[in-house]
Number of protein chains: 2
Amino acid sequence: MKHSDRKRADILAAAVTEFRAYGYDNTSMDRIADAAGASKRTVYNHFGSKDQMFEAIVHELMDRSDVLSDFRYEPDQPLPKQLKSIGNQILNVFSDEGYRDLARVVLSRLIVVPQCSAIISEHSSRINTMLADWMRAAHRDQRLNVPRPELAAEQFVGMLMSFGFWPALFCVQKKGLDVKQSTFVNQTVTMFLKGYQPD
Amino acid sequence: MKHSDRKRADILAAAVTEFRAYGYDNTSMDRIADAAGASKRTVYNHFGSKDQMFEAIVHELMDRSDVLSDFRYEPDQPLPKQLKSIGNQILNVFSDEGYRDLARVVLSRLIVVPQCSAIISEHSSRINTMLADWMRAAHRDQRLNVPRPELAAEQFVGMLMSFGFWPALFCVQKKGLDVKQSTFVNQTVTMFLKGYQPD
DNA sequence: CAGAAATTACACTGGTGAGTGTATTTTTCG
DNA sequence: CGAAAAATACACTCACCAGTGTAATTTCTG
């Protein structure tokens, strides 16, 4: 890796760390430069302004959740097995500490930069659509009775997120609910499939 | 109402509006004073500092969700009816525009003022506990099979929030899912009860 | 190695905003 | 009414910070 690229990466990483610790507005470009072990001028050579640097961070956040590929419906595999795998895939992305750091920085800036919501919208609806497709396939196969696949997808993802993403994002510790991710996913898949099981 | 109290309320309201529109750090005390039709000095006489003013806003947020009283379990009422009522109660609080404005301001400041998460934690766990109690009662009554009431409560609230709170909070419009609140609640209650129905 | 490209140190500008001091006017209340 | 409490106008301090200019140094690349 070239020295220049290394610098760029260092700066971006330092920016996320500092933004995460102090918030966007309370982090000066001088501090980012310091933390990255770079000079302020270099920071400005790579990212024209503080805003552009933030934009770069938003892009990094988006790239992260692109690892979620299609949730393929397998006609010859048991539904619980398939849905558990999907659930764990989703939670693995969203419960990653690095992903949450990025998300915190971006979400806390949403008031000031509302354009971000369009981007987030895009991504969350991508996951939802993929999951709804899976539901529709299972419905067509008569192994599930899901009259509204989009609504059902929303429900499923909602349960996962409110277990493994939102509380951790806001550093809220859950009292009285101390279970592993896999336990929660299993339990949720079981309940969900029973709730949508054909008559 | 005394002139002094009126001023205080005006200032607080103006602060929420401005913070909501521009974010905490990009809102100057001068602007708040202007928007409230008060002098800067009066602002400082009521709230010693910008931070203290923010604190007052947090307290207002907390008071709002205290309207949720016990979710009483009624042995002689149908479960769907009871749970729908609970679901709608919850969503009525969280989908109120004023509540969301407050929540946006507070959440966007969480990075800088992590103490807030303890407060939020308190509140979300309060709702969860109340709902878990309801579940436990229905389980004891053998009308539901809920081995883990806390987990089930988390699931139920999670579905509601990810329909009616998070997207609206972040101004994310949901593509491909255009249903009324009551429809979503009804559908969710039906699925949930079927998923936890006793064998 | 030689020239180009990137990095650095550092000083500097211009703007903004939190919080204060003060003298004056308005509101409250016995 | 009359005195105390609150509100106002306004000027002012002090600190912080985004972004720039420049000249010297280091790193890349042919």
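Letters A, B, ... are given to chains in the order of the sequence lines, protein chains preceding strands, and every chain is numbered from 1.
Across all strands shown, Gly37(B) has heavy atoms under 4.0 Å from sugar-phosphate atoms exclusively, and none from any base.
Checking side-chain atoms of Thr183(A) against main-chain N and O of Val179(A) turns up no donor-acceptor pair under 3.5 Å.
Between Arg31(A) and Asp34(A) there is no salt bridge, since none of the side-chain N atoms of the basic residue sits less than 4.0 Å from a carboxylate O of the acidic one. With respect to Asp10(A) and Lys7(A), no salt bridge is recorded, no charged nitrogen being found less than 4.0 Å from a carboxylate O. For the pair Asp96(A) and Arg100(A), the salt-bridge criterion is not met [side-chain N within less than 4.0 Å of a carboxylate O].
Between Arg41(A) and Asn26(A), it is Asn26(A) whose nearest contact on DNA chain D lies nearer the 5' terminus.
Look at Thr42(B) and you'll find a side-chain N or O under 4.0 angstrom from OP1 or OP2 of dT8(D). At least one side-chain nitrogen or oxygen of Lys7(B) sits closer than 4.0 Å to the OP1 or OP2 atom of dT8(D). The side chain of His46(B) places an N or O atom within less than 4.0 Å of a non-bridging phosphate oxygen (OP1 or OP2) of dA7(D).
Residues Pro198(B) and Gln142(B) come closest through the heavy atom pair CG-O, 3.8 Å.
Per the geometry, CZ belonging to Arg6(B) stands 13 Å off P belonging to dT8(D), to the nearest Å. Taking atom CG on Asn45(A) and atom P on dT8(C), their separation rounds to 10 Å, with Å as the unit. Spacing between atom CZ of Phe47(B) and atom P of dA6(D) amounts to 14 Å, rounded to whole angstrom units. Lys40(A) places its NZ atom 21 Å from the P atom of dA6(C), with the value rounded to the nearest Å. The CG-P distance, from Asp34(A) to dT8(C), rounds to 11 Å in whole Å. Atom CZ in Phe19(A) sits roughly 12 Å away from atom C1' in dA18(D) (whole-Å rounding). Tyr24(B) has its OH atom 13 Å from the P atom of dG17(C), to the nearest Å. If you take NZ of Lys50(B) and P of dT20(C), they are 15 Å apart, rounded to a whole angstrom.
Between its two ends, the helix from dC1(C)-dG30(D) to dG30(C)-dC1(D) turns its axis by 40°, counting five pairs per end and rounding to 10 degrees.
Pairs of residues two or more places apart, or lying in two chains, that qualify as salt bridge (charged side-chain N to carboxylate O under 4.0 Å, His left out) and include a residue from residues 119-139 of chain A are Asp66(A)-Arg126(A), Glu122(A)-Lys175(B), Asp133(A)-Arg136(A), Arg136(A)-Glu150(A).
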